[in-house]
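Report on the structure given below.
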Protein chains: 2
Amino acid sequence: MTPVATAAGTRELPHPTRAEIRLEGVLHALSDPVRLRIVRDLAADGGALFACSYFDLPVTKSTTTYHFRVLRESGVIRQTYRGTAKMNGLRRDDLDALFPGLLDALLAAAARQAAAVEGG
Amino acid sequence: MTPVATAAGTRELPHPTRAEIRLEGVLHALSDPVRLRIVRDLAADGGALFACSYFDLPVTKSTTTYHFRVLRESGVIRQTYRGTAKMNGLRRDDLDALFPGLLDALLAAAARQAAAVEGG
DNA sequence: CTCGTAGTACGTCGGGTGTCAAACTACGGC
DNA sequence: GCCGTAGTTTGACACCCGACGTACTACGAG
C-alpha cells in the first residue's frame, strides 16, 4: 500500500495564503518562548533557509514538529522539503505587506528583552 | 467579618512593574480577539481612561473581568478604582520604553486587518 | 438604610496547548 | 537492498484558557 500521498509522503505542505494570515494567529504563534526563539534565529540570518535540526531547542523532536507546524499554519514561516530535510524560512514578504513594520518591531522587542535578561 | 482587605475590598490592584513585563505575555494577551479589540478602543481615544462597562463586548460580565485581568497582569493596561467603576488605561509609556515602536506597529496592524475584513 | 449599578469570586465545563515516548515514513548513501 | 538520518504521527497526559451562571462585595444616590 501507501501508493501515493500518505500524510508524510505528500511532500506538499499546507500554507495559509497571504490574505488568510490573521494578526491574532501571528501573535499567538509568537507568544511561545520556543517559537519566538525559532523566529529570532530565522531572522538573524537574513532570508536563509534552515532545517528543523539546525535549531538547538530544549524539546524533543515531536514537540519541535508541533511548534514548526504552528508557525507555518499561522503564516509566520514557509516550509519546503529538500530531500530528507524540511527547510524553514520567514515569510517576511507576506508579513511586511500585511503588517508593515510589525515584524521588525517584534524582532527588535525580542532582541531588546533578550539583551535585558542576559545582560542582567 | 471582612474587616479590611477582602479580595475585592483591597482597592489596590497588582500590576507588574515595567521590568517585569514580558514580551511573550504581551503577545499572548493581544492574541485574543476580545482583548485586541479592547486595546484598540483604548488606544483610539488617546490616553483617556474608560470603565469596563464602556466597552461593548460580546461576552458576559465575568468573562469581561477575566480579559481585563489578563491585560493588566501582562502589563498592557493599568487599572485603577474610581468609585464603583474601574478605570482602564493603556500603559503606553511603559510599553514604548520597553519595546519602542511595537505598540504602534501592533495597533496599525490591527487597524489594517480590521479595514481589510470590514471593507471586503 | 435601602436600593441599584459596577465589578469580583467561585465552581464548572469543553476544548486547546505543550510536552513526551514510541512507532512509523521518506530520502540519500553505500 | 539495507541502513542511518530527518522528520511525522499517534496517543497520552497535565495544564491552561475562555466561556458561562450564580452568588457575592463595594460604592454612590436617594
Side-chain angles (χ1 to χ4, degrees), chain A residues 1-14 22 24-38 49-74 76-89, chain B residues 1-14 22 24-38 49-74 76-89:
Chain A
M1 276 303 179
T2 66
V4 226
T6 42
T10 300
R11 303 289 93 181
E12 195 60 44
L13 293 161
R22 301 275 304 154
E24 293 90 331
V26 171
L27 297 183
H28 173 247
L30 265 37
S31 71
D32 181 280
V34 172
R35 293 192 292 260
L36 186 56
R37 157 71 70 105
I38 291 173
L49 301 180
F50 293 99
C52 294
S53 55
Y54 169 81
F55 304 87
D56 187 27
L57 302 175
V59 293
T60 63
K61 276 198 304 177
S62 45
T63 303
T64 299
T65 296
Y66 165 71
H67 283 305
F68 274 102
R69 180 158 52 86
V70 172
L71 286 171
R72 169 170 48 82
E73 292 182 347
S74 67
V76 175
I77 68 171
R78 191 179 298 281
Q79 295 188 295
T80 53
Y81 282 103
R82 177 162 185 154
T84 179
K86 190 157 76 172
M87 307 309 287
N88 302 279
Chain B
M1 272 305 179
T2 66
V4 228
T6 42
T10 299
R11 303 291 94 182
E12 194 60 46
L13 292 161
R22 300 275 304 154
E24 293 90 331
V26 172
L27 297 183
H28 173 249
L30 267 38
S31 71
D32 181 279
V34 172
R35 293 193 291 261
L36 186 57
R37 157 72 69 106
I38 291 173
L49 301 180
F50 294 99
C52 294
S53 55
Y54 168 81
F55 304 88
D56 187 28
L57 302 175
V59 293
T60 62
K61 274 198 305 178
S62 44
T63 303
T64 299
T65 297
Y66 164 72
H67 283 305
F68 274 102
R69 181 158 51 87
V70 171
L71 286 171
R72 169 170 48 82
E73 292 182 346
S74 67
V76 175
I77 67 171
R78 191 178 299 279
Q79 294 187 295
T80 53
Y81 281 104
R82 177 164 185 153
T84 179
K86 189 157 77 171
M87 306 309 287
N88 302 278

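In what follows, chains are A, B, ... by sequence order, proteins preceding strands, each numbered from 1. Values below: every heavy atom of this structure, side chains too, minus hydrogens, waters and symmetry copies.
Evaluation of atom-type donor-acceptor distances gives no pair under 3.5 Å for the side chain of Thr60(A) against the base of dA21(C). Put simply, the side chain of Ser62(B) and the base of dG21(D) share a donor and an acceptor less than 3.5 Å apart.
Atom CZ of Phe68(A) is separated from atom P of dG7(D) by 8 Å (rounded to the nearest Å). Between Tyr66(A) atom OH and dA22(C) atom P the separation is 22 Å, expressed in whole Å. In this structure, Arg37(A) atom CZ and dG18(C) atom C1' are separated by 17 Å, rounded to whole Å. Look at CZ on Arg69(A): it is 13 Å from C1' on dG7(D), rounded to the nearest Å. In this entry the distance linking CD of Glu73(A) with P of dG18(C) reads 13 Å, nearest Å. We find that CG of Leu57(B) is positioned 14 Å from P of dG18(D), with the value rounded to whole Å. A straight line from CG of Asp32(B) to P of dG16(C) spans 14 Å, rounded to a whole angstrom. If you take NZ of Lys61(B) and C1' of dA23(D), they are 11 Å apart, rounded to a whole angstrom.
Using a 4.0 Å cut-off, some side-chain N or O of Thr63(B) falls inside it from OP1 or OP2 of dC20(D). Phosphate contact (OP1/OP2 of dT5(D), side-chain N/O of Ser53(A), threshold under 4.0 Å): absent. The shortest distance between the side-chain N/O atoms of Arg82(A) and the OP1/OP2 oxygens of dA6(D) is not below 4.0 Å. Between His67(A) and dT19(C) there is a side-chain N or O to OP1 or OP2 distance below 4.0 Å.
Note: Met87(B) CE to Ile77(B) CD1 = 11.5 Å, rounded to the nearest 0.5 Å. Taken from CG in Asp32(B) to CG in Leu27(A), the straight-line distance is 11.0 Å, to the nearest 0.5 Å.
Scanning both residues, Ala29(B) and Arg35(B), for their nearest heavy atoms gives O-NE, 2.7 Å. Ile38(B) and Phe68(B) make their closest contact through CG2-CE2, 3.8 Å (heavy atoms, listed as atom of the first residue, atom of the second, distance).
Of the two residues near DNA chain D, Val70(B) and Arg72(A), the one whose nearest nucleotide lies more 5' is Arg72(A). If Gly83(A) and Val59(A) are placed on DNA chain C by their nearest nucleotide, the residue sitting closer to the 5' end is Val59(A). Nearest-nucleotide positions on DNA chain C for Thr84(B) and Pro58(A) put Thr84(B) closer to the 5' end.
Panel note: side chain Asn88(B), backbone Phe50(B); a donor-acceptor pair is recorded below 3.5 Å.
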